[in-house]
Amino acid sequence: MESHLSFTQSQWDIVLASFVMAAFALLGGFVYLLSTKREISARFRSSGIAGSIVCLVAFLAYLLLIISWIVGFRFDPGTAMYVPSGHALQFRNAYRYVDWSVTVPLLTVEIVVVSTLVGRAARRMRGLLIVLAWLMIVTGFLGADTFSSDTGRLVWGLISTVVFIPLYVLLLRTAFRSAKALGGPAGSALRSAGLLLSLTWGVYPLAYCVPFFFADSSGWAVGRQLAFTLADIAAKVGFGIFIHTVAKHRTGSEVA
Amino acid sequence: MESHLSFTQSQWDIVLASFVMAAFALLGGFVYLLSTKREISARFRSSGIAGSIVCLVAFLAYLLLIISWIVGFRFDPGTAMYVPSGHALQFRNAYRYVDWSVTVPLLTVEIVVVSTLVGRAARRMRGLLIVLAWLMIVTGFLGADTFSSDTGRLVWGLISTVVFIPLYVLLLRTAFRSAKALGGPAGSALRSAGLLLSLTWGVYPLAYCVPFFFADSSGWAVGRQLAFTLADIAAKVGFGIFIHTVAKHRTGSEVA
Amino acid sequence: MESHLSFTQSQWDIVLASFVMAAFALLGGFVYLLSTKREISARFRSSGIAGSIVCLVAFLAYLLLIISWIVGFRFDPGTAMYVPSGHALQFRNAYRYVDWSVTVPLLTVEIVVVSTLVGRAARRMRGLLIVLAWLMIVTGFLGADTFSSDTGRLVWGLISTVVFIPLYVLLLRTAFRSAKALGGPAGSALRSAGLLLSLTWGVYPLAYCVPFFFADSSGWAVGRQLAFTLADIAAKVGFGIFIHTVAKHRTGSEVA
Amino acid sequence: MESHLSFTQSQWDIVLASFVMAAFALLGGFVYLLSTKREISARFRSSGIAGSIVCLVAFLAYLLLIISWIVGFRFDPGTAMYVPSGHALQFRNAYRYVDWSVTVPLLTVEIVVVSTLVGRAARRMRGLLIVLAWLMIVTGFLGADTFSSDTGRLVWGLISTVVFIPLYVLLLRTAFRSAKALGGPAGSALRSAGLLLSLTWGVYPLAYCVPFFFADSSGWAVGRQLAFTLADIAAKVGFGIFIHTVAKHRTGSEVA
Amino acid sequence: MESHLSFTQSQWDIVLASFVMAAFALLGGFVYLLSTKREISARFRSSGIAGSIVCLVAFLAYLLLIISWIVGFRFDPGTAMYVPSGHALQFRNAYRYVDWSVTVPLLTVEIVVVSTLVGRAARRMRGLLIVLAWLMIVTGFLGADTFSSDTGRLVWGLISTVVFIPLYVLLLRTAFRSAKALGGPAGSALRSAGLLLSLTWGVYPLAYCVPFFFADSSGWAVGRQLAFTLADIAAKVGFGIFIHTVAKHRTGSEVA
Ligand SMILES: CC1=C(/C=C/C(C)=C/C=C/C(C)=C/C=O)C(C)(C)CCC1
Ligand SMILES: CC1=C(/C=C/C(C)=C/C=C/C(C)=C/C=O)C(C)(C)CCC1
Ligand SMILES: CC1=C(/C=C/C(C)=C/C=C/C(C)=C/C=O)C(C)(C)CCC1
Ligand SMILES: CC1=C(/C=C/C(C)=C/C=C/C(C)=C/C=O)C(C)(C)CCC1
Ligand SMILES: CC1=C(/C=C/C(C)=C/C=C/C(C)=C/C=O)C(C)(C)CCC1
Ligand code: NA
Ligand code: NA
Ligand code: NA
Ligand code: NA
Ligand code: NA
Ligand code: NA
Ligand code: NA
Ligand code: NA
Ligand code: NA
Ligand code: NA
């Protein structure tokens, strides 16, 4: 829908600025998680690697959003508005789902690695969460893009929600139970990670519902983009730093 | 053929999304295999290096597919379709073969390195598989692109199949025999790698045959692109992770 | 405003040259801080990582400034002037704020890490400074871009200043008190860092005020861009080198 | 001359495919030689570094060939041919010489480092080979591009050949004598490197002569490009792997 | 001036080829100095880091020269000449000064680090040379670009020369005195570095003077670009390798 709307200069600017800010924050997260990899023992290291891949992939995804935001509109001096340019690479909110199809499964891996689950239980939980996360995103993508009539959006959105609920429950249960079992600074960082997750993941289905309740306007579109962008930064960079903190403390107590 | 067809917006979108998803997954695989290189002892390390090169090369190949998919079509507001743009860099399925000409030989190296073959036997098997893999792809390329009349496609496809059969047999035999000899977690990861290989490699000749049996339509073209893309992710990233697991377990038991 | 002005060839050249020089200096700072990371012990290392992220992000921000400076103007042979091109990606001074929204919080982290603050006090100071820095930049951005009528610029600028004052005081107090407590070469390098900070950070609000006092002219615009650019180099690369020196000396005395 | 010819779709495709394949193979060689650097002791390591630089530089050179191949032609729907586009960056075979002016001297360094020459003799041989290699390429470039009338091409080609002969003799003598002195697996790998060199380096002067004997046709141009491309892959990646093998075996016997 | 001239195809080609060759050589220098960093002890390592930054920055500067050389001209089929294209990003010799404003100060650092100067004397010499080098380049830039009337060029050129003389004297004195004090292979490598410096740095002011004595012609412009390019390669890559050799020998004798 963004690709059929026109925006004022301020609106277009603020969306571009938020995308660039996200790209910078994600690149920073990537460099941070990569250069601190050695502070973590082998047992927990793949949480940091997963976190750094999440940031790198999302950085590239924001580059794609930035490019399509720029080539997808042209400035019309008559109305002083940014209007759709007709370029093949129109801006699509759906590009976000492509990022998520790779990064959301990896975010679930981060939790499992630093949790107290081990061995077969950890492997099974990891496999289950990866599959659920991928299905949730792919079905959501079909509702948001390919079958995006009102009914299509509704039906695929409901299917996606049906997958979302157990995923959300399992993730939070894993995080909070492990946090309790770990205690100390590792436990409290894991609790923060769980809390951040519980707050940010809710933003996505809410933003998905906007078109059902509000007319398609540039104001809502800007709001939706800002919401997604801030949630993405928090759910990737912020979350990744909390998980890294858990891993560092668990590394420390291993040695002790 | 893709370059002569027109696509609906949804069709064009879903193909682009699948390409971008593959690029992200391959980049993730590259970072993963590169940053875990040190977990593997010198003897098995070149399997991880080969795997990371496979992912990096294929990541670039998908960038080329993405760029040619974007510049190769333009959006026609009249029919609301994506139609061929006439740009020199049209989208070609044949670009995939260029990727494969480098990566498929490397995939065969991955198997040999973690197999139980050693010394001269390993070197000869490696040389043989590399040559067969390269010939299979190059002859397939000639049938799919350069001599792509119906007869050309048939004849070169058959030659390619004649190379494919011994290659497939040798690869699976090496994988499953070594898996049995290794036993334990290394053996079971190698068995999974062999299984994944046996399932995914069959997709490519099947997709090659589509034009013989079905009229050239945009629906079939989308299906073919999705099939290739998912098979590529599995045969490179998934396979690479299984092989890495074998190498890690073999490293572990060396020490013990 | 830059995007509504015309520039002579010399003016356009000198601004481009200053942007490219900044990009080069920042890239140099990035490579330097990254390759000397190992000289610093784990306790102070995140100052170097923060510094390298600051330089990398700002390097990319200058790439964006450079690109928008080039595509945002076209050379008009008639008047021999660079005039606005009407391209969607016009040059905007506001892009600088996007860089700052990520890098200024990180600059405050650098100070805290090498200061004498430890434990909970360090964590609280760090959190406070990050939040203040981010709010200062975001409110400044709203005044400089989104609500950039004269009143908007004034009101948001004042709000930003209200955040700036305690931030500036806390930063300098932390730097100079720690410098005194540390003494020796570490203390004197930290004092230099504080001094550099106190001089450069003042440039930004001054440049923000220019449009209130002077008519909007290409001469003032050039001056403003040069001021921002030189301040950015000093406040990021110069500052980062001083902080690195503190960290190296503190690492040395730890061992002793 | 390529820039004055028209190509069928198949011809244009196959040349593009070969360039992309070379780029992928060279990138793979770069990653391989860089990540195995540590397997080689300090004494022989600069052979691996030289090899990785060769691959990286040639990878970039192929990017330039690819870009100029794409922008240098446009598809003409009337004749279904790729015709020269008139873009400033026309495709030029001469770009290859730029790559060679840096990489061929480095290839000679690789041989000297792993040879049995040491001390002053090694330094003098290295200096001599670097100078000869650079002169051979630069004079060849003048014949192929700047003074490419028939006489120019002949005279500069002869001068280049006069440099080529002693270079070729010295290189092969160094390789084969050292191979004999070393014996064992190191010697046999060095013999293979020398053999590969002796076979591939001859391709270049032969391809240079084509225009003297055959009319300037698109068929010959395609053949010439394929010959150069395959020779480049063999003379850089294949050769680099053989040299790496020599260095690894020499490292092993040092320790023993 | 280059941006007002027209060039024959051979002239345009040879300049492009020289730029690309420089970019390749500089990239090679970067990889070499970065991957041999560990061979040097902490005390001398920053010479290698400075050298690698010099090569990386200059590599990017040549990318800018290459891009502006390509987009700054278009091929005119009528006259078979490359004529100015009127693109905003015209080719400017002045872009070289931007590179130098960062790299020439770093080149002086390389000398000081491997010299026999230590402690406060080293720090003061380093600071002085950095400031002189930067001033020399910036004043030269003003003469070559911003105030490039004949008088402007003369006056700023003279000011630049006034800075150049003490800089040149100090640099050479530092190099040759230290070379003598060090003796052995370290001393002789430092002598070579000083000699190379004394020869190459003179090229720059000479090339600056060309427009005073010779009419502005494409032949002179080509000569000037070749002179700058070859001098840059020698003064950065060649010099960096000599300095690296000094550092390696000094590292060796430290241990002994
Ligand atoms: C339930 C639901 C959805 C959930 C999306 C979620 C939970 C996305 C999380 C994304 C994250 C965490 C990104 C991190 O960077 C969709 C797909 C919008 C479709 C509608 C129903
Ligand atoms: C038999 C056959 C083919 C086989 C292709 C295969 C087996 C490709 C495997 C690709 C892989 C594994 C890619 C991994 O990323 C072709 C060439 C289509 C041509 C027709 C006959
Ligand atoms: C007080 C004030 C401002 C302060 C900006 C500052 C202090 C920016 C610092 C930037 C740095 C340090 C960048 C480093 O590279 C604004 C936002 C201009 C808005 C007007 C009021
Ligand atoms: C004798 C001769 C030539 C020789 C070229 C050679 C020997 C090139 C080798 C290139 C290599 C090894 C590249 C590796 O990647 C030229 C210049 C064509 C000009 C004509 C005469
Ligand atoms: C004296 C003088 C000059 C000197 C320039 C020099 C000495 C440049 C050195 C550049 C180097 C060493 C680059 C390395 O890559 C200028 C500025 C041309 C202006 C005219 C007077
Ligand atoms: Na766990
Ligand atoms: Na949506
Ligand atoms: Na094996
Ligand atoms: Na096909
Ligand atoms: Na502290
Ligand atoms: Na401003
Ligand atoms: Na040797
Ligand atoms: Na030629
Ligand atoms: Na010194
Ligand atoms: Na000049």
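The structure places CD1 of D/Ile53 at 13.0 Å from CZ of E/Phe24, a figure rounded to the nearest 0.5 Å.
Contact annotation for E/Ile70: both backbone and side-chain heavy atoms come within less than 4.5 Å of a heavy atom of chain D. At a 4.5 Å heavy-atom cutoff, D/Ala50 makes no contact with chain E through either its backbone or its side chain. In this structure, chain E has heavy atoms under 4.5 Å from both the backbone and the side chain of D/Val57. With a threshold of 4.5 angstrom between heavy atoms, E/Phe19 does not approach chain D through any atom at all. In this structure, the portion of D/Leu142 lying under 4.5 Å from any heavy atom of chain E is its side chain and not its backbone. Only the side chain of D/Ile49 comes within less than 4.5 Å of a heavy atom in chain E; its backbone stays farther off. Only the side chain of E/Gln9 comes within contact range of chain D, with at least one heavy atom under 4.5 Å from a heavy atom of that chain. Contacts between E/Phe73 and chain D at a heavy-atom distance below 4.5 Å involve the backbone alone (N, CA, C, O). Heavy atoms of E/Ile66 lying under 4.5 Å from chain D are absent altogether. Looking at E/Trp69, neither its backbone nor its side chain comes within 4.5 Å of chain D, counting heavy atoms on both sides.
Remark: the backbone N or O of E/Ala17 is not paired with any side-chain donor or acceptor of D/Tyr95 at under 3.5 angstrom.
Within a 6.0 Å radius of CH2 in D/Trp201, other residues, nucleotides and ligands contribute more than 12 heavy atoms.
Considering only heavy atoms from C-beta on, E/Leu16 comes within 4.5 Å of D/Leu89 through its side chain.
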| message | What verdict does the side-chain contact (heavy atoms from CB on, under 4.5 Å) test give for E/Val20 and D/Asp99, after you've listed the backbone C-alpha separation in whole Å, the side-chain angles of each residue and the deciding distance to 0.1 Å? | response | CA-CA 8 Å; E/Val20 176; D/Asp99 158 1; over 6 Å; no
| message | The test is side-chain contact (heavy atoms from CB on, under 4.5 Å); show your working for D/Phe141 and E/Ile14 and say whether it passes. | response | CA-CA 9 Å; D/Phe141 171 78; E/Ile14 211 169; 3.8 Å; yes
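For chain D, the option among E/Val31, E/Val71, E/Leu27, E/Asp13 with the highest count of heavy-atom pairs below 4.5 Å is E/Asp13. Contact count versus chain D (heavy atoms, under 4.5 Å) is highest, among E/Ser35, E/Ser85, E/Gly28, for E/Ser35.
Looking at every heavy atom in both residues, D/Val98 comes nearest to E/Met21 through CG1-N, 3.3 Å.
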